[in-house]
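Beneath this line is the structure, given in C-alpha cells, with notes to follow.
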Amino acid sequence: MAEVVIKKEGSEQPFDPEKIRDSIRKACDQAEVSEARKEELVEQVSTVALEAASERSKISTTEIRGKLLTKLERMQPSVAKAWREYDQQRGRI
C-alpha cells in the first residue's frame with residue numbers, strides 16, 4: 001500500500017484512505033445523493049484508488065483524482081460533476 005501521496009505542487013504527505021472516502025462523501029452530499037447510495041458509492045469507488053495505491057509506495061493526488069472521477073462518471077455522473085465544480089471553485093483545475 002502506498003505510504004505517501006504526492007500533492008499537485010510536489011509536496012508529500014502520508015497516504016490516508018479515509019481522505020479518499022471523505023472526498024467521495026462530500027461530492028455525494030453536493031450532488032444530493034441518498035445516504036444509502038452514498039455509502040455504496042464510497043465503497044465501490046474508493047476501491048479503485050486503493051487498488052492503484054496498493055501497487056506502489058507513492059501515488060499522486062492527480063492519479064487518484066483521475067481514477068475516482070472515471071469511476072464516478074460511470075456510476076453516478078452527478079457526483080463526478082459536483083466534484084469537478086468543487087475543484088473549479090477552489091482553483092484546483
Side-chain angles (χ1 to χ4, degrees):
M1 178 67 72
E3 295 179 17
V4 174
V5 171
I6 303 166
K7 306 290 275 185
K8 189 175 180 179
E9 77 283 349
S11 67
E12 296 181 358
Q13 60 180 215
F15 179 77
D16 182 357
E18 196 56 36
K19 285 186 175 184
I20 293 168
R21 292 181 186 98
D22 287 344
S23 295
I24 298 166
R25 284 185 189 103
K26 288 176 185 175
C28 286
D29 289 342
Q30 283 297 117
E32 299 180 358
V33 172
S34 72
E35 284 299 312
R37 180 67 173 152
K38 176 170 48 173
E39 288 311 310
E40 179 183 336
L41 288 168
V42 167
E43 290 309 310
Q44 292 180 6
V45 175
S46 65
T47 300
V48 172
L50 297 176
E51 286 174 359
S54 72
E55 299 170 357
R56 58 190 77 124
S57 62
K58 294 183 180 184
I59 190 167
S60 72
T61 55
T62 303
E63 183 177 353
I64 291 170
R65 179 184 179 277
K67 290 186 179 300
L68 294 174
L69 286 172
T70 297
K71 184 76 170 182
L72 283 169
E73 276 296 338
R74 285 188 221 129
M75 293 186 69
Q76 190 83 34
S78 63
V79 176
K81 181 181 178 191
W83 187 309
R84 286 188 180 96
E85 287 172 355
Y86 179 84
D87 280 353
Q88 285 180 329
Q89 291 171 356
R90 300 289 183 265
R92 293 181 178 169
I93 55 172

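As the structure is a prediction and not an experimental result, all values here were calculated from the model.
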Arg65 and Lys8, any side-chain heavy atoms less than 4.5 Å apart | no
Test salt bridge (Lys or Arg N to Asp or Glu O under 4.0 Å) applied to Glu40 - qualifying residues, sequence neighbours left out | Arg37
Pairs meeting criterion side-chain hydrogen bond (donor to acceptor under 3.5 Å, both in side chains) with involvement of residues 43-56, two or more places apart = Arg56-Glu63
Remaining members of hydrophobic cluster (4.5 Å side-chain criterion), Ile20 = Met1, Val5, Phe15, Ile24, Val33, Leu41, Val42, Val45, Leu50, Ile59, Ile64, Leu68, Leu69, Leu72, Met75, Val79, Trp83
In Å, rounded to the nearest 0.5 Å, how long is the span from CD of Glu85 to NZ of Lys81?
-> 5.0 Å
With Glu73 via salt bridge (Lys or Arg N to Asp or Glu O under 4.0 Å) - residues at least two apart = Arg84
Residues at least two apart in sequence or cross-chain that pass side-chain hydrogen bond (donor to acceptor under 3.5 Å, both in side chains) with Glu12, listed by chain then number, are Lys58
What donor-acceptor contacts under 3.5 angstrom involve side-chain atoms of residues 25-32, with partners at least two apart or in another chain?
| unit_1 | atom_1 | unit_2 | atom_2 | d |
| --- | --- | --- | --- | --- |
| Arg25 | NE | Glu39 | OE2 | 3.3 |
| Arg25 | NH1 | Glu18 | OE2 | 3.0 |
| Arg25 | NH1 | Asp22 | OD1 | 3.2 |
| Asp29 | OD1 | Lys38 | NZ | 2.7 |

Whether over 12 other heavy atoms sit under 6.0 Å from Glu3 CD | no
